[in-house]
Amino acid sequence: MRAEAPILIFDSGVGGLTVLAELRKILPTAPVVFAADQAGFPYGAKSEAEIAARVAGLLGRMSERYRPRLACIACNTASTIALEMVREVLEIPIVGTVPAIKPAAALTKTGSIGLLGTEATIRQGYVDRLEAKFAQNKTLLRFGAPGLVRAAEAKLRGQTIDAEAIANAVSGLRDQPGGDQIDTVVLACTHFPLLAEELGSAFGSKVTFVDGAEGIARRITSLCDGQTFATDAPSLAITTGPLDRFMPLAPLFADHKIDQLDQF
Ligand code: DGL
């Protein structure tokens, strides 16, 4: 394994930063390519076919260009739809991000779990299978909250957060039969932990939130076990969208030890 080979982290936007933040706690200086498919954002409103073709195509081209040691699809929408397909076409290890239903089922005391994701994620068979496997004796209530994706992007750009998006996410779960019993909420979109504070105040202190970022960072690290990382190899953030819309995020990337921003 080349010591310069980066870890590729892929999302439709800035949600992947929640995974990168956890990864940096374990591997503070490893070379990383953070890829945001801003030209395809948001994934949550797209069809399965469109997401699968887009994600597999982009990851293939990015792997050719950057030759990563592994790729992480830091996006629940893309992972629940395209993970198997991407694993079939790429030869490097692929780490996916799937809704943290298993830990939520272990945590809930009331037996009522809420799941917030994109509209595309909540309708996936992948989620049905996780529910059947890990939460068969629980109630799992799902709600698609695209407003939270936009709110998270706005927050990171220093713009005003749409309070209605937060309120809709709460009522979308609470107003379902059994919703008043929810004590654990799965944040099944990598954008949502960026709104932990706002969601925490809106749901109240009796609700615990669960997301997969820390577990994913641990999985990436264990796959790199025994490998060396060049300390002088650059880390990059790349976007499929216009560079001028990406540049305002530069200070945020610098906080995660990424100093170079490019257009893919
Ligand atoms: N961050 C993505 C996820 O985890 C999706 C956001 C979007 O593009 O709709 O599902």
Side-chain angles (χ1 to χ4, degrees), residues 8-23 34-59 71-83 85-86 94-101 104 114-127 130 142-157 161-162 165-166 168-169 172 185-196 198-199 209-217 219-220 237-241 245-246 249 252 256 264:
L8 176 63
I9 297 183
F10 178 91
D11 183 31
S12 58
V14 293
L17 280 172
T18 56
V19 173
L20 179 60
E22 291 299 327
L23 186 68
F34 182 96
D37 181 15
Q38 294 195 298
F41 174 87
Y43 280 2
K46 289 188 158 47
S47 71
E48 280 71 1
E50 209 177 338
I51 292 167
R54 199 168 174 96
V55 172
L58 276 173
L59 279 173
C72 168
I73 306 179
C75 173
N76 289 260
T77 313
S79 296
T80 53
I81 293 170
L83 187 56
M85 182 176 173
V86 172
I94 309 291
V95 178
T97 309
V98 298
I101 293 173
L115 185 145
L116 294 173
T118 65
E119 295 141 298
T121 296
I122 63 161
R123 65 172 181 254
Q124 293 312 309
Y126 203 117
V127 181
L130 289 175
R142 310 177 193 188
F143 185 68
L148 292 183
V149 178
R150 287 190 296 274
E153 293 271 335
K155 182 177 179 182
L156 288 201
R157 289 188 153 75
I161 297 171
D162 178 8
I166 309 285
N168 283 345
V185 172
V186 181
L187 300 180
C189 171
T190 50
H191 279 74
F192 297 173
L194 298 167
L195 298 168
E198 292 78 4
L199 289 168
F209 296 94
V210 187
D211 70 77
E214 199 187 323
I216 294 155
R219 176 77 187 134
I220 294 173
I238 55 172
T239 179
T240 57
R245 286 214 57 235
F246 204 46
L249 300 170
L252 210 64
H256 296 87
F264 180 72

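What you are looking at is a predicted structure, and each value in this text was computed from that prediction instead of being measured. Along the sequence shown, residues are numbered consecutively beginning with 1. Numbering of ligands and ligand atoms starts at 1, following listing order.
Some N or O of Gly44 is nearer than 3.5 Å to an N or O of ligand 1, by distance alone. For Tyr43, a nitrogen or oxygen atom sits less than 3.5 Å from a nitrogen or oxygen atom of ligand 1, counting backbone and side chain alike.
Looking only at protein heavy atoms, the nearest one to atom 2 (C) of ligand 1 is Cys75 SG, 3.2 Å. Looking only at heavy atoms of the protein, atom 10 (O) of ligand 1 is closest to Thr77 OG1, 2.6 Å. For atom 6 (C) of ligand 1, the closest non-hydrogen atom on the protein side is Ser12 OG, 3.5 Å. From the protein, the heavy atom lying nearest to atom 1 (N) of ligand 1 is His191 ND1, 2.8 Å.
For the atom pair His191 NE2 and Leu156 CG, the distance stands at 8.0 Å (nearest 0.5 Å).
Closest of all the heavy-atom pairs between Thr118 and Gly44 is CB-CA, 3.6 Å.
The local environment of CZ in Arg123 is crowded, with over 12 non-hydrogen atoms from other residues, nucleotides or ligands closer than 6.0 Å.
For the pair Arg150 and Asp162, the salt-bridge criterion is not met [side-chain N within less than 4.0 Å of a carboxylate O]. Taking a cutoff of 4.0 Å between a charged side-chain nitrogen and a carboxylate oxygen, Arg157 and Glu153 qualify as a salt bridge.
Annotation for ligand 1: atoms under 4.0 Å from non-hydrogen atoms of Asp11 are 1 (N), 2 (C). Residue-ligand proximity, Asn76 to ligand 1, at heavy-atom distances under 4.0 Å covers atoms 3 (C), 4 (O), 10 (O).
Residue contacts with ligand 1, taken as heavy atom pairs separated by less than 4.0 Å, involve Thr118 solely via side-chain atoms from C-beta onward.
For the pair Thr18 (side chain) and Thr190 (backbone), a donor-acceptor distance under 3.5 Å is present.
Defined by atom type and a distance below 3.5 Å, a donor-acceptor pair is present between the side-chain atoms of Thr240 and Asp37.
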